[in-house]
Amino acid sequence: MFEDRLPDGALSPKLSHMAVLAGQYAVAENAVAHGGHVRTIAAGHYTVAGLSRQVRLGDFVAHRSQTGVHLGEVVRVEPELTYVCPIEPGEPIGIQDTIIRKGAFRIAPSDGWCGRTINSLGEPIDGLGPLAMGLESRAISNTAPPSMTRKRVDTGFKTGVRAIDIFSPLCLGQRLGIFAGSGVGKSTLLSMLARADAFDKVVIALVGERGREVREFIEDTLGTDMQKSVAVVATSDESPMLRKMAPLSAMTIAEHFRDQGDNVLLIVDSVTRFAHAIREVATASGEPPIARGYPASVFTELPRLLERAGPGPEGTGTITAIISILVDGDNHNDPIADSTRGILDGHIVLQRSLAEEGRYPPIDPLASISRLARKAWTPDQEKLVSRLKALVHRYEETRDLRLIGGYRQGADADLDIAVRQVPIIYEILKQTPGERPSADAFTDLATALKNASAGMVPAKGR
Ligand SMILES: Nc1ncnc2c1ncn2[C@@H]1O[C@H](COP(=O)(O)OP(=O)(O)OP(=O)(O)O)[C@@H](O)[C@H]1O
Ligand SMILES: [Mg+2]
C-alpha cells in the first residue's frame with residue numbers, strides 16, 4: 001500500500017490483493033512524467049536513470065510489465081543511477097521500462113488480522129479470503145518511539161517454561177534472544193513461549209523457514225490461541241526482499257496492537273535468516289562486506305528493528321520480542337550473534353550437548369541471562385536462584401572428577417548437596433512442547449525436591 005499512484009495495468013497475481021485494497025493503480029499520467037527508465041539489469045538488481053532526485057534509500061518503486069505490476073526497493077542512490085532490488089525474483093523487466101516512485105511500503109493492520117497467516121506484503125496466504133484493512137496505514141520501516149517517552153519495563157510474567165521462569169525470568173516489554181546451532185531446539189522453545197498467558201496478542205514472523213515447518217508451527221503452536229495471533233511468513237524459497245520484509249511487517253502489526261494498549265508478544269524465527277536476506281540484497285547492490293560477508297547495513301538494520309520492540313509510550317501497551325539466532329557452526333561469537341547479544345535485554349543459550357543428553361529444552365542455566373530478572377524475581381527467589389546456580393556450577397565443574405571416581409561423599413558438604421539435588425533440578429527443568437505450561441516453576445521445583453528427599457521420586461539425572 002502506498003500514497004502515490006501508478007499507471008493502470010494488469011496486476012501480477014501476487015500483488016493484486018494489496019493493490020486492489022489500496023485502490024491506487026488508477027491512471028495518473030503525471031506520475032509517469034516523474035518516473036525513471038531502466039538502464040541496466042543484473043541478477044538480483046536493476047538500475048534506473050532519472051529517479052535519483054525523487055527517491056530515498058528504502059523507498060519502493062513500481063514497474064509495469066505485460067505480466068502485471070511489480071515492486072522493488074531502492075537499495076542505493078547515485079547521482080545518475082538508482083539501484084533497485086525487485087521483490088519478486090525473475091521479474092520480466094526490460095531496458096527502458098518505466099519505473100515509478102511509490103514511497104515507503106505501508107500496511108494497514110486491523111483486529112481482523114487475528115487468526116490469519118499473511119505474507120510480508122500483508123496479503124493473506126491462508127485461503128480464508130480477503131483481510132479487513134485498518135483505518136491507519138503504517139510504514140513498515142517505522143522507527144522506535146523516543147526513549148524518554150517510553151514506559152519503564154518492570155512487570156514480570158510467567159512463560160510456563162520452567163528453565164526460563166526459574167533462572168532467567170522475563171518482564172513485559174523485554175527483548176530476548178534464543179541462541180543455538182541448527183537443529184538444537186530454537187523453534188520448539190519459541191513455540192512453547194508463544195503459549196504464555198500474559199499476552200493479549202501474539203505476532204509471529206517466520207523467516208526463511210522450510211515450507212513444511214510453517215503449517216506445523218502455526219497449527220501446533222497456536223492451536224486454540226490462533227484467534228489472538230497473526231503469523232507473517234516468508235519461506236526459504238522466497239526472494240531475499242520478502243524475507244527481509246517479514247520481520248518488519250510483523251513488527252508493524254505488533255506496533256498497531258501495542259498502540260491499542262495490548263501486551264503483544266512478537267516472535268521472530270530467525271533473525272539470522274533476516275540478516276542473511278539483508279546480506280543477499282546488499283551483495284546484489286554492490287555494498288562491500290565488512291564482517292564474515294555481512295555488509296555494514298546489517299548492523300544498522302538489526303538495532304533499528306529490535307529497538308522498535310519494548311514498552312510503548314505511556315497509555316499504550318508493550319511489545320515483548322523473543323527472537324531466535326542461529327549461531328553458525330555453534331560459534332556463539334559470530335558477528336550476528338555478537339551484535340544482537342549487545343542489543344537485547346537477555347539471551348537464552350541452548351547447548352547441543354544438553355540436547356544430546358535428552359535434556360530438552362536444552363537451556364544452559366549458567367550461560368543464559370535475563371537482564372531484567374531482578375525485576376521479575378522476589379528477593380527470596382533471587383537468593384534461591386543464586387544458590388541453585390552455585391550448586392549447578394559445582395556439579396558441572398566436578399563432572400570429570402566424579403566420572404573417574406574421585407568423589408567421596410562427606411568430604412565436601414556443598415558438593416554432597418549438589419550431587420543430591422542437581423539431578424533433581426535438571427529433571428524438573430525438562431519439558432516437552434506437548435506438556436502443559438508450568439503455572440509456577442518455583443513451586444514445581446520445591447515439590448520435586450521435597451518428594452525426592454522423602455524418597456518418593458528417585459533422582460534420575462546424570
Ligand atoms: N522441548 C523439546 N522436547 C522434545 N524434543 C525437542 C524439544 N525441543 C527440540 N526437540 C527436538 O529437537 C528437534 C529440533 O528442534 P527445532 O526444530 O526446534 O530446532 P531448531 O534449532 O529450530 O532447528 P533449525 O536450526 O533447523 O531451525 C525437534 O524436531 C525435536 O525432535
Ligand atoms: Mg527452527
Side-chain angles (χ1 to χ4, degrees), residues 117 158-168 176-196 202-223 231-238 243 246-247 250 265-277 279 321-332 334 336-337 340-341 344 347-365 367-368 425-438 441 444-445 460-462:
T117 305
K158 294 195 174 73
T159 64
V161 177
R162 285 187 286 269
I164 294 182
D165 287 348
I166 294 175
F167 287 99
S168 327
L176 182 84
I178 294 175
F179 293 74
S182 64
V184 177
K186 297 180 295 300
S187 303
T188 311
L189 180 57
L190 285 175
S191 72
M192 291 163 78
L193 293 169
R195 295 194 211 120
V202 179
V203 183
I204 299 177
L206 297 178
V207 191
E209 287 289 290
R210 303 162 195 93
R212 165 187 70 76
E213 283 181 328
V214 168
R215 192 153 167 215
E216 205 176 288
F217 189 99
I218 292 171
E219 288 175 2
D220 294 356
T221 306
L222 301 174
V232 184
V233 176
T235 47
S236 55
D237 56 330
E238 296 197 64
R243 278 180 277 136
L265 172 65
L266 173 77
I267 285 181
V268 181
D269 190 13
S270 76
V271 157
T272 309
R273 299 208 181 105
F274 170 67
H276 288 174
R279 178 169 67 182
I322 306 187
I323 63 171
S324 69
I325 294 108
L326 172 78
V327 286
D328 271 347
D330 288 326
N331 168 14
H332 286 254
D334 84 275
I336 299 303
T340 38
R341 205 177 296 117
L344 297 166
H347 52 270
I348 300 293
V349 178
L350 307 187
Q351 300 286 13
R352 197 175 291 279
S353 57
L354 302 188
E356 284 164 358
E357 281 182 30
R359 275 173 50 196
Y360 283 111
I363 297 174
D364 182 340
S368 303
I425 299 170
Y426 284 173
E427 202 57 34
I428 198 71
L429 298 184
K430 284 188 188 169
Q431 232 172 320
T432 58
E435 243 172 82
R436 229 162 15 104
S438 156
D444 292 352
L445 176 65
K460 280 193 273 173
R462 296 161 180 245

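Read the numbers this way: they start at 1 and go in the same order the structure lists the ligands and their atoms. Everything quoted here is computed from the prediction, not taken from an experiment. No hydrogens, no waters, no symmetry mates; every other heavy atom, side chains included, goes into these values.
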Practice task
Applying side-chain contact (heavy atoms from CB on, under 4.5 Å), run through Asp269 and Ile204 and close with a yes or a no.
Solution key: CA-CA 8 Å; Asp269 190 13; Ile204 299 177; over 6 Å; no
Handout entry: Audit row: Leu354, Tyr426, side-chain contact (heavy atoms from CB on, under 4.5 Å) steps and yes/no
Key = CA-CA 10 Å; Leu354 302 188; Tyr426 284 173; over 6 Å; no
Handout entry: Derivation and outcome, side-chain contact (heavy atoms from CB on, under 4.5 Å), residues Phe217 and Leu206
Key = CA-CA 9 Å; Phe217 189 99; Leu206 297 178; 4.1 Å; yes
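Contact annotation: the side chain of Arg352 approaches that of Ser182 to within less than 4.5 Å [non-hydrogen atoms, C-beta and beyond]. Contact of the Leu326 side chain with the Lys186 side chain is registered, since non-hydrogen atoms from C-beta on lie closer than 4.5 Å. Between Pro362 and Val184, the closest side-chain pair of non-hydrogen atoms falls below 4.5 Å.
Distance check for atom 9 (C) of ligand 1: a protein heavy atom is found below 4.0 Å. Distance check for atom 1 (N) of ligand 1: a protein heavy atom is found below 4.0 Å.
In terms of protein heavy-atom proximity, atom 3 (N) of ligand 1 is nearest to Tyr360 CB, 3.3 Å. Counting protein heavy atoms only, atom 20 (P) of ligand 1 is closest to Lys186 N, 3.5 Å. At the top of the distance list for atom 16 (P) of ligand 1, counting protein heavy atoms only, stands Thr188 OG1, 3.5 Å. The shortest contact between atom 26 (O) of ligand 1 and any protein heavy atom is with Arg210 NH2, 2.8 Å. For atom 19 (O) of ligand 1, the nearest non-hydrogen atom of the protein is Gly185 N, 3.0 Å.
The option from Glu216, Arg273, Arg359 that lies nearest to atom 27 (O) of ligand 1, judged by heavy atoms, is Arg273.
Expressed to the nearest 0.5 Å, how far CD1 of Ile166 lies from CD1 of Ile428 amounts to 7.5 Å. Ile336 contributes atom CD1, which lies 10.5 Å from atom CZ of Phe179 (distance to the nearest 0.5 angstrom). Atom OG of Ser438 sits about 11.5 Å away from atom CD1 of Ile164, to the nearest 0.5 Å.
Residue Val184 touches ligand 1 through its backbone alone, judged by heavy-atom distances below 4.0 Å.
Within the listing of ligand 1, atoms 1 (N), 2 (C), 3 (N) sit less than 4.0 angstrom from a heavy atom of Pro433. Close approach of ligand 1 to Ser182 (heavy-atom distance below 4.0 Å) involves ligand atoms 25 (O). In the vicinity of Gln431, heavy-atom distances shorter than 4.0 Å reach the ligand 1 atoms 1 (N), 2 (C), 3 (N).
Put simply, part of Gly183 is less than 4.0 Å from ligand 1, judged by heavy atoms. Put simply, no part of Lys430 is less than 4.0 Å from ligand 1, judged by heavy atoms.
Counting all heavy atoms, side chain and backbone alike, Ala180 lies closest to Leu350 at CB-CB, 3.5 Å.
Inclusion of Ser324 in the first shell of the Mg ion (ligand 2) is not supported: no N, O or S atom falls under 2.8 Å.
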